[in-house]
Amino acid sequence: MCINKQEPIWRPSTQRVKKANITSFCEYLQKSELGNFEDYDALWDWSVKNIENFWSAFWDYGNIQGSKGDVVLTPCKEIINAKFFPNGKINYAENVLNASNNGPAIIFHDEGGARTEWSWKELYNSVSLLQQSLRESGVQKGDRVAGIVPNSPYTIVALLAVSSIGAVWSSCSPDFGLSAALDRISQIEPKVLFCADGYQYNGKEISNIKIAADLTSRVPSIQKTIIFPLNHVEADISPIGEKGILWSDYLAPFAVQKIHYERVNFNDPLFIMFSSGTTGLPKCIVHSVGGTLLQHVKEHQLQSDIKMNDRLLYFTTCGWMMWNWMVSGLASGATLVLFDGSPFFPDGNRLTNIISEEKVTHFGTSAKYLDACSKADVKPMKTHDLTKLRTILSTGSPLSEVGFDYVYKNWKKDVCLSSIAGGTDILGCFVGGSPTSPVFKGECQKRHLAMNVKVYNDDGKEIQNSRGELVCESPHPSMPIGFWNDKDNVRYKSAYFEKFENVWHQGDFVELTANKGLRFFGRSDAVLNPGGVRIGTAEIYRVVEAMEEVIEGVVIGQNIDDDQRVVLFLRIKENVLFNEALVKKIKLEIRAKATPRHVPAVILKVEDIPRTKSGKIAEIAVRDTVHGHNIKNMASLANPEAIECFKNIKELNVIS
């Protein structure tokens, strides 16, 4: 079969390749007599065949603080039992606070326009004080500490103080309702809870005191609830009761002293992350100290080219894994530029204003945000100075070819646009950026180093240039320790190791291209199957969401007569008439830009589409609702009322 390779939309300059961290890493490997690599693909091939050498060498190159021990990887037959650096000792906060640059550690913009800077010294001193306070409260290695928190400097201080002790951090964003927060936090039994007094969104200040009080009273393990300031009016914390205390009062009894970092085992827990929980109680996924740090530093330095004094802005909440990923950027000497609030308040240039003003070098966001900017006619190339911006990172859902075109036409021509993909499951990426490689529209650039990612068909055979399941044949440091309270790893094994024997199965429907990049077509559990032909949902989204009449859509397969028909629901712009003419136009567009198989049997207008707390379209929830099944955990949805749009639709009342 002849595969036509498309032309790249961007290529790195010779100078950029020369200055890249990954180039210096290759030089380091050559000096260490580990290999000589002419390009990224050669380095990737070596890294997956020599995993122990790769991770040991990167520990040294990345200046990881701690001790490696004498074993890189335990010999084992099953990937699920693989342990990296089993004798290693490490502390996350020690590594993060070790890399101070010449500028501020954190720059924070709130939605109202206030800007604050935290120096590295201020960050260190705050962590010192809070660590002492937490120790006084009895927090020890292995204890859980939770946060219902916004993306603020105080939250980062809390995480670093907790991790400096060897305790475990877990967070949700403050817009989680009580039920969703309880579903998560009650499972892990935290000793201490952090909350902001409130948060800002879309021009409003919203108090967080009631949910702090409710959680404190309903989760018996919580012994202390610390409230830090974010709203501009001093909070009344009396509803929390005697367990509640203001941040300033909690730290007041202590003086700054040298931080004692509790070095723990490499594979001890650092983070507990939560799955979306749309099919039941959220899974509590436990990630290790060393695995998280090592994977993040690799992804930052080699895959994203983050250097000392760079500035990283990732638009995220503390309920999304990208917040944890972003915080680790401090370990590479980057300044974190934080924003909390609506990215479209007061208008669509809110984030581009910050990127320009703060001279951001690395901007991360979701594909949905870029799509929303396109529809809002945001064109920073014409209005902002983005001279310093080198890299744009996009994740959360596949970025369409139209999305790539939009960025290069309206943001910046000379920028590495890296569509990255992985998940909460590994607290990192399987595929994504390669700063020394070209960018092709619609593709994640490359498989990440030391991640032996392949594409399998349903029979477990490796395929290329065809669509199949994303798998990883190698162990990797940021594989979870397991799930919380999952005896004998039963649920963990079921989630990732049941479909293919001794191979990690991620559950994404993808294609490995001739460019050795990956195209994503949606979750494999949401794949459409009309007439036995597998179709990724993203293939339809890419077409319809590029149409000017459409805001967004959700597509499902409806079971009918022992087959499936494709049903597309759309949110349409207010000034657009939804009629047969528009439906015909949409079908013709899908037929022309995809295939006749992709054309939905039914297209319907809806007022809203349900999303998870991290902003992903809840396809399974829509599908279950259409088929008359109850949604097990409505609290996992950011807008649960949207489910009503999909109940008892007369046009779909032919379910067999």
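The basis for the numbers below is simple: all heavy atoms, side chains too, and nothing from hydrogens, waters or symmetry mates. Note that the numbering runs from 1 along the sequence shown for the chain. These numbers come from a predicted model, not from an experiment.
- The ring of W118 has its center no closer than 6.0 angstrom to the ring center of F108.
- Between F344 and Y369, the angle of the ring planes lies from 30° to 60°, which puts this pair in the tilted group.
- Of all heavy-atom pairs between V219 and L182, the closest is CG2-CD2, 3.7 Å.
- The closest donor-acceptor contact from the side chain of N639 to the backbone of E641 lies at 3.5 Å or more, if one exists at all.
- For D486 and R491, the salt-bridge test fails: no basic side-chain N is under 4.0 Å from an acidic carboxylate O.
- Side-chain contact of S394 with S419: a donor-acceptor pair under 3.5 Å is absent, judged by distance alone.
- Here the closest non-hydrogen pair linking V149 and P174 is O-CD, 3.0 Å.
- Remark: E94 engages R263 in a salt bridge, criterion side-chain N to carboxylate O under 4.0 Å.
- In summary, the side chains of W120 and E122 do not present any donor paired with an acceptor at a separation below 3.5 Å, with no hydrogens or angles considered.
- Just one residue in the list H296, Q295, H300 forms a side-chain hydrogen bond (donor to acceptor under 3.5 Å, both in side chains) with K298, and that residue is Q295.
- When side chains are defined from C-beta on, S170 counts as touching I188, because their heavy atoms get closer than 4.5 Å.
- Checking side-chain atoms of S152 against main-chain N and O of Y154 turns up a donor-acceptor pair under 3.5 Å.
- To the nearest 0.5 angstrom, L97 atom CG is 8.0 Å from S163 atom OG.
- Classified by interplanar angle (parallel below 30°, tilted 30° to 60°, perpendicular above 60°), the ring pair H629/H627 is parallel.
- With sequence neighbours left out, S524 forms a side-chain contact (heavy atoms from CB on, under 4.5 Å) with E469, H505, F509, V527, R534.
- Listed for the K191 side chain is a donor-acceptor partner under 3.5 Å among the backbone atoms of G138.
- The aromatic rings of W247 and F228 stand perpendicular to each other, their planes meeting at an angle above 60°, with 30° marking the opposite boundary.
- Ion pairing between E545 and K375 fails under the 4.0 Å rule for side-chain N and carboxylate O.
- Ring planes of Y314 and W325: perpendicular class, angle over 60° (limits at 30 and 60°).
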Inset, instruction - Let me see the working for K141 and D268 under salt bridge (charged side-chain N to carboxylate O under 4.0 Å, His left out), right down to the final yes or no. - result: CA-CA 10 Å; K141 176 178 179 280; D268 278 347; 3.3 Å; yes
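- Looking only at distances, no side-chain donor or acceptor of S342 sits under 3.5 Å from a matching main-chain atom of N202.
- Between V555 and V567 the shortest side-chain heavy-atom distance does not fall below 4.5 Å.
- With 3.5 Å as the limit, one finds no donor-acceptor pair spanning the side chains of Q187 and W484.
- In this structure, Y496 and F483 have perpendicular ring planes: the angle between them is above 60°, well past the 30° mark.
- Checking side-chain atoms of N353 against main-chain N and O of N349 turns up a donor-acceptor pair under 3.5 Å.
- Partners of N125 according to the side-chain contact (heavy atoms from CB on, under 4.5 Å) rule, which considers only residues two or more places apart in sequence or in another chain, are K121, V256.
- At distances below 3.5 Å, not a single donor-acceptor pair connects side-chain atoms of T155 with backbone N or O atoms of N151.
- Here the closest heavy-atom approach between residue F345 and residue R350 is recorded as O-CD, 2.9 Å.
- Using a 30° and 60° split on the angle between ring planes, F339 and F315 fall in the tilted class, from 30° to 60°.
- Side-chain contact between Q223 and S137 is absent, with no heavy-atom pair separated by less than 4.5 Å.
- Donor-acceptor pairing under 3.5 Å is lacking for the side chains of E262 and S164.
- Annotation: side chain of Y250 is in contact with side chain of L134 (closest heavy-atom distance under 4.5 Å).
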